[in-house]
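Here the structure comes first, spelled out in structure tokens, and everything after it is commentary.
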Amino acid sequence: MEKNIIKYIKEGLETIYKAEIYDLNISVEKTREGIDGDYTVVVFPLVKYSKKKPEDTARDLGVFIKQRFDDIASYNVIKGFLNFKMTQEYWINRLKKLTLNNDRQKNGGEQKIMIEFSSPNTNKPLHLGHIRNNLLGDSVSRILKAAGNDVIKVNLINDRGIHICKSMLAWTKWGENSTPDSTNQKGDKLVGEYYVLFDKKYKEQIAELVNTGMTEDEAKEKAPLMLETREILQKWEAGDKDIRSTWAMMNSWVYDGFEQTYNKLGISFDKIYYESSTYLLGKELVSTGLEKGIFTKDPDNSVWIDLTEEGLDRKILLRSDGTTVYMTQDLGTAFERFDEFNPDKMIYVVGNEQDYHFNVLKKIVGRFDADYSSKIEHLSYGMVELPEGKMKSREGTVVDADDLIEEMILTATKISEESGKMDDLSESERERIIKMIALGALKYYIIKVDPKKQMTFNPKESIDFTGNTGPFIQYTHARICSILRKAEQMNIKFIGKISTETQLLNCEIKILSALTEFDEIINESANRLDPGIIANYIFSLAKEFNQFYHDHSILKEKNAEILQFRLQLSHQVARTIKNGMELLGIEVPEKM
RNA sequence: GGUCUAGUAGCUCAGCUGGAUAGAGCAACGGCCUUCUAAGCCGUAGGUCUCAGGUUCGAAUCCUGACUAGAUCACCA
């Protein structure tokens, strides 16, 4: 549509004004609310070609286009704005096209994109922050795929490093061989407890040492627990059998726990990487880098890269004791992935606290291979805060993922019981729908916010089921499904022809116009890596439809053609809601 | 202190690649269920788009500076 208008505008400028077009800056927008028209061209930027007043230019172009473009019913000029109204026929054809064309057309620019998200640390059960990460990664993957790309979802599990040794040490010392089975606890929760326990005991030791006159920094290094932890790390890297088997066992507990949470969230991966198996590659790269002179070695044997020329700092890649750091592992993993999959793009979904890290990673990769470096993209998202501020594990304000999901399900159960709408459904059916609603509310609440913005998670609001929420959209879908079911019972088929003479209401055109935008919205959302664009789009579509639903009856419409039109329109709205919500990882029920 | 990100209604957020009168939801107040699902719809009220300059026919949007908040600058990850 817009392309056609732009084409005619260009033609018009050339024909009427004999203008030479050098910079085509035409914006075609949807006409503003309250003004007669469907599409609007802003003519201010065009006066440099016409050398006439904006209003005269708009009028000239209006006449020109109206003569040539059959789909335009009328036009009007207000100040520098040229508004076009499309014909009824045009809109009815749009609906037909939507009905026929069940597969959306692809973007064209198909790429192989690898996207890493979740990236949990085996010491910490998943919490609210991870939920944002997971939902974002999952949703962006779906959107990129819908935009025609080949997407590989990967997870990188941070299963080694000094912090992992801490929980191992604590469990060995005080765990008394407890297991998830013996304590009847999710594996990730059990391990998480020992990590917390380590921290507690470690702090006690520091305090004691400080009392004996040590400085705090010194105490942190000299505390027996820290020394033991470092020893474990070295043994681990040396492949010590006992250490490795404890490590493998505890990790398997954690993976079971994570798997359960991922399942509840409906999230999956195509490939899982473990840092324990990629960090050595990082070490190799460090030696290559040293040979090539990319890195330098300090007298104490630690290895560094100097990025001061690029406005960053010196960054460590290998500790003086030869063990690896975060950056080393990430470097190894990145190269492994490029070598194995050769993606056109590698997206990391990681919180904005790591902006600096990824900046450095990109630069270091660039020293090896400029091409790889240019393909790395950090989808940086803002932190999730609570109304009372940051989540702090020490103060116990961390919102656990499993608890949160549980609570959402309880609330959804309560609300649906109160409404009584699902009383005649079977137990299992009811349970299925309640889960959909609970997760829909949670997911939508988080995903609707622009990823790069820091967001406030208000527990009270998140369980709200009215207004701009997941359940509101799900409800709209369920109502449409109900109508379509009834239509079927009444034996009304909605595949019939609609005469182009059918008179459409403004609100119907508005809905139709929104429906035709869907593909474009997906592409925009994919380009900007922002699922929030889709969330907001579906919300406004649902809102438009609800207004229409309230003001006009569908099934009681006497005119057969209008009835036909409304049924098909509703059907398309339901389809778009379903498809759109799917891109957010949210299911929609047919009854609720 | 350096760097990055953000600041829009009481609260949570859209709008930001410049266009007409800055939009939703929540909360508040007032209406609408013998009528396709009221998890809905309609209305009232609520704004110096942090501030000050600049660019432009036109700025919430772009630029500069200030202020405020967050992140980061580790032999943590």
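Just so it is clear, the model here is predicted, and its values are computed rather than measured.
- Here the side chain of A/N352 is nearest to one of B/A71, B/G19, B/A77, namely B/A71.
- When distances are taken from the side chain of A/R32 to each of B/A77, B/U21, B/G40, the shortest belongs to B/U21.
- When heavy atoms are screened at a 4.0 angstrom cut-off, A/M455 is found touching the sugar-phosphate backbone but no base atom.
- Counting non-hydrogen atoms under 4.0 angstrom, A/H378 reaches nothing in the nucleic acid.
- At the heavy-atom level, A/N83 lies under 4.0 Å from base atoms of the strands shown.
- Across the C1' atoms, B/U8 and B/U3 are found 26 Å apart, a figure rounded to whole Å.
- Here B/C26 is the nucleotide among B/U17, B/C26, B/U37 with the atom lying nearest to any side-chain atom of A/T466.
- Nucleotide B/C16: unpaired (no Watson-Crick or G-U wobble partner with both distances less than 3.5 Å).
- Remark: B/C29 base-pairs with B/G43. Criterion, Watson-Crick or G-U wobble with two distances under 3.5 Å.
- Applying the Watson-Crick and G-U wobble criteria (two distances, each under 3.5 Å), B/C67 pairs with B/G7.
- Nucleotides B/A22 and B/U48 have their P atoms positioned 13 Å apart, rounded to a whole Å.
- A salt bridge does not link A/K235 with A/E228: every distance from a Lys NZ or Arg NE/NH1/NH2 to an Asp or Glu carboxylate oxygen is 4.0 Å or more.
- For the OP1/OP2 pair of B/G40 and a distance below 4.0 Å, the side-chain nitrogens and oxygens of A/K543 include no atom meeting the criterion.
- Between the P atom of B/G58 and the CZ atom of A/F81 lies a distance of 13 Å, rounded to the nearest Å.
- When each of B/C57, B/C42, B/C11 is scored by its nearest atom to the side-chain atoms of A/E461, the top-ranked nucleotide is B/C11.
- Heavy atoms of A/F539 sit under 4.0 angstrom from primed sugar atoms or phosphate atoms, though from no base atom.
- Distances shorter than 4.0 Å separate some side-chain N or O of A/N546 from OP1 or OP2 on B/C41.
- The pair A/R485-A/E488 does not meet the salt-bridge criterion, since no charged nitrogen lies less than 4.0 angstrom from a carboxylate oxygen.
- The NZ-P distance, from A/K448 to B/G15, rounds to 13 Å in whole Å.
- Counting non-hydrogen atoms under 4.0 angstrom, A/V42 reaches a base of the nucleic acid.
- Residue contacts shown for A/I35 include a base, since a base heavy atom lies under 4.0 Å away.
- As rounded to the nearest Å, B/U12 and B/A74 have C1' atoms that lie 36 Å from one another.
- With 3.5 Å as the limit, one finds a donor-acceptor pair spanning the side chains of A/N546 and A/T476.
- In this structure, A/P45 reaches the bases: a heavy-atom distance under 4.0 Å links it to at least one base atom across the strands shown.
- For B/G19 and B/U61, the P atoms lie 10 Å apart once the distance is rounded to whole Å.
- Geometric assessment of A/R160 against the ring of A/Y279 yields a positive cation-pi assignment under the 6.0 Å and 45° thresholds.
- In this structure, A/Y356 reaches the sugar-phosphate backbone alone: every heavy-atom distance under 4.0 Å involves primed, P, OP1 or OP2 atoms, never a base.
- Where A/I415 and A/E33 meet RNA chain B, the nucleotide closest to each residue was compared, and A/E33 sits on the side nearer the 5' end.
- Searching all strands for a Watson-Crick or G-U wobble partner of B/U61 with both distances below 3.5 Å returns nothing.
- If you check B/C41, B/A77, B/C36 against the side chain of A/Q329, the one that comes closest is B/A77.
- Residue-level contact check: A/S482 touches the bases, meaning some heavy atom is under 4.0 Å from a base atom.
- Considering only side-chain N and O atoms, A/R230 lies under 4.0 angstrom from the phosphate OP1 or OP2 of B/C76.
- Contacts of A/T40 with the nucleic acid, taken as non-hydrogen atoms under 4.0 Å apart, include base atoms.
- Put simply, A/Q354 has no side-chain N or O that comes within less than 4.0 Å of OP1 or OP2 on B/A71.
- Side-chain atoms of A/S167 and A/N123 form a donor-acceptor pair, as typed in the model, at a separation below 3.5 Å.
- Contact check on A/R319 versus A/D321 returns no salt bridge, with no Lys/Arg side-chain nitrogen under 4.0 Å from an Asp/Glu carboxylate oxygen.
- The nucleotide whose nearest atom lies closest to any side-chain atom of A/K453 is, among B/U72, B/A77, B/G7, B/G7.
- A salt bridge links A/K203 and A/D199; the closest N-O separation between the charged side-chain nitrogens and carboxylate oxygens is under 4.0 Å.
- A 3.5 Å limit on both hydrogen-bonding distances identifies B/C73 as the Watson-Crick or G-U partner of B/G1.
- Between B/G2 and B/U64, the distance separating the two P atoms is 16 Å to the nearest Å.
- Residue-level contact check: A/R314 touches neither bases nor backbone, having no heavy atom under 4.0 Å from any strand.
- A/I437 comes within contact range of at least one nucleobase, with a heavy-atom separation under 4.0 Å.
- A/T469 comes within contact range of no nucleotide atom at all, as no heavy-atom separation falls under 4.0 Å.
- Using modelled atom types, one finds a donor on one side chain and an acceptor on the other under 3.5 Å when comparing A/H357 with A/D330.
- Between the side-chain ring of A/Y475 and the base of B/G40, no stacking contact exists by the 5.5 Å and 30° definition.
- Atom name P, nucleotides B/A59 and B/A52: the rounded distance is 15 Å, in whole Å.
- Each of A/D355 and A/E221 lies near RNA chain B, and the nucleotide nearest A/D355 is the one positioned closer to the 5' end.
- Using Watson-Crick or G-U wobble geometry with both donor-acceptor distances under 3.5 Å, B/C49 finds no partner in any strand shown.
- Here the side chain of A/T456 is nearest to one of B/C41, B/U37, B/U12, namely B/U12.
- Using a 4.0 Å cut-off between a side-chain N of Lys or Arg and a carboxylate O of Asp or Glu, A/E377 and A/K362 do not qualify as a salt bridge.
- Nearest to the side-chain atoms of A/K79 among the listed nucleotides B/U21, B/U72, B/A77 stands B/U21.
- Nucleotide B/C33 carries a syn base; the chi torsion (O4'-C1'-N9-C4 or O4'-C1'-N1-C2) is within 90° of 0.
- Rounded to an integer number of Å, the gap from CD of A/E55 to P of B/C57 is 17 Å.
- Separating the CD1 atom of A/I316 from the P atom of B/C73 is a distance of 14 Å, rounded to the nearest angstrom.
- Between A/F518 and A/Y537, the two ring planes are parallel [angle under 30°; tilted spans 30° to 60°].
- Rounded to the nearest Å, the gap between the C1' atom of B/U17 and that of B/G47 is 26 Å.
- Using a 4.0 Å heavy-atom distance criterion, A/N536 is classed as a sugar-phosphate-only contact.
- Judged by distance alone with a 3.5 Å cut-off, no donor-acceptor contact links the side chain of A/D450 to the base of B/A6.
- Out of B/A77, B/C36, B/A20, the shortest distance to the side chain of A/I554 is found at B/C36.
- Not one side-chain nitrogen or oxygen of A/R485 sits closer than 4.0 Å to the OP1 or OP2 atom of B/U37.
- Of the candidate nucleotides B/U37, B/C41, B/A20, B/A20 has the atom lying nearest to any side-chain atom of A/I78.
- Within the cation-pi definition used here (under 6.0 Å to the ring centroid, within 45° of the axis), A/R132 does not qualify as a partner of A/Y381.
- Using a 5.5 Å limit on the distance between ring centres and a 30° limit on the angle between planes, the aromatic ring of A/F472 does not count as stacked on the six-membered base ring of B/G40.
- Side-chain atoms of A/S540 stay outside donor-acceptor range of the base of B/A14, with no qualifying N/O pair under 3.5 Å.
- Rounded to a whole angstrom, the distance from the P atom of B/U50 to that of B/A14 is 14 Å.
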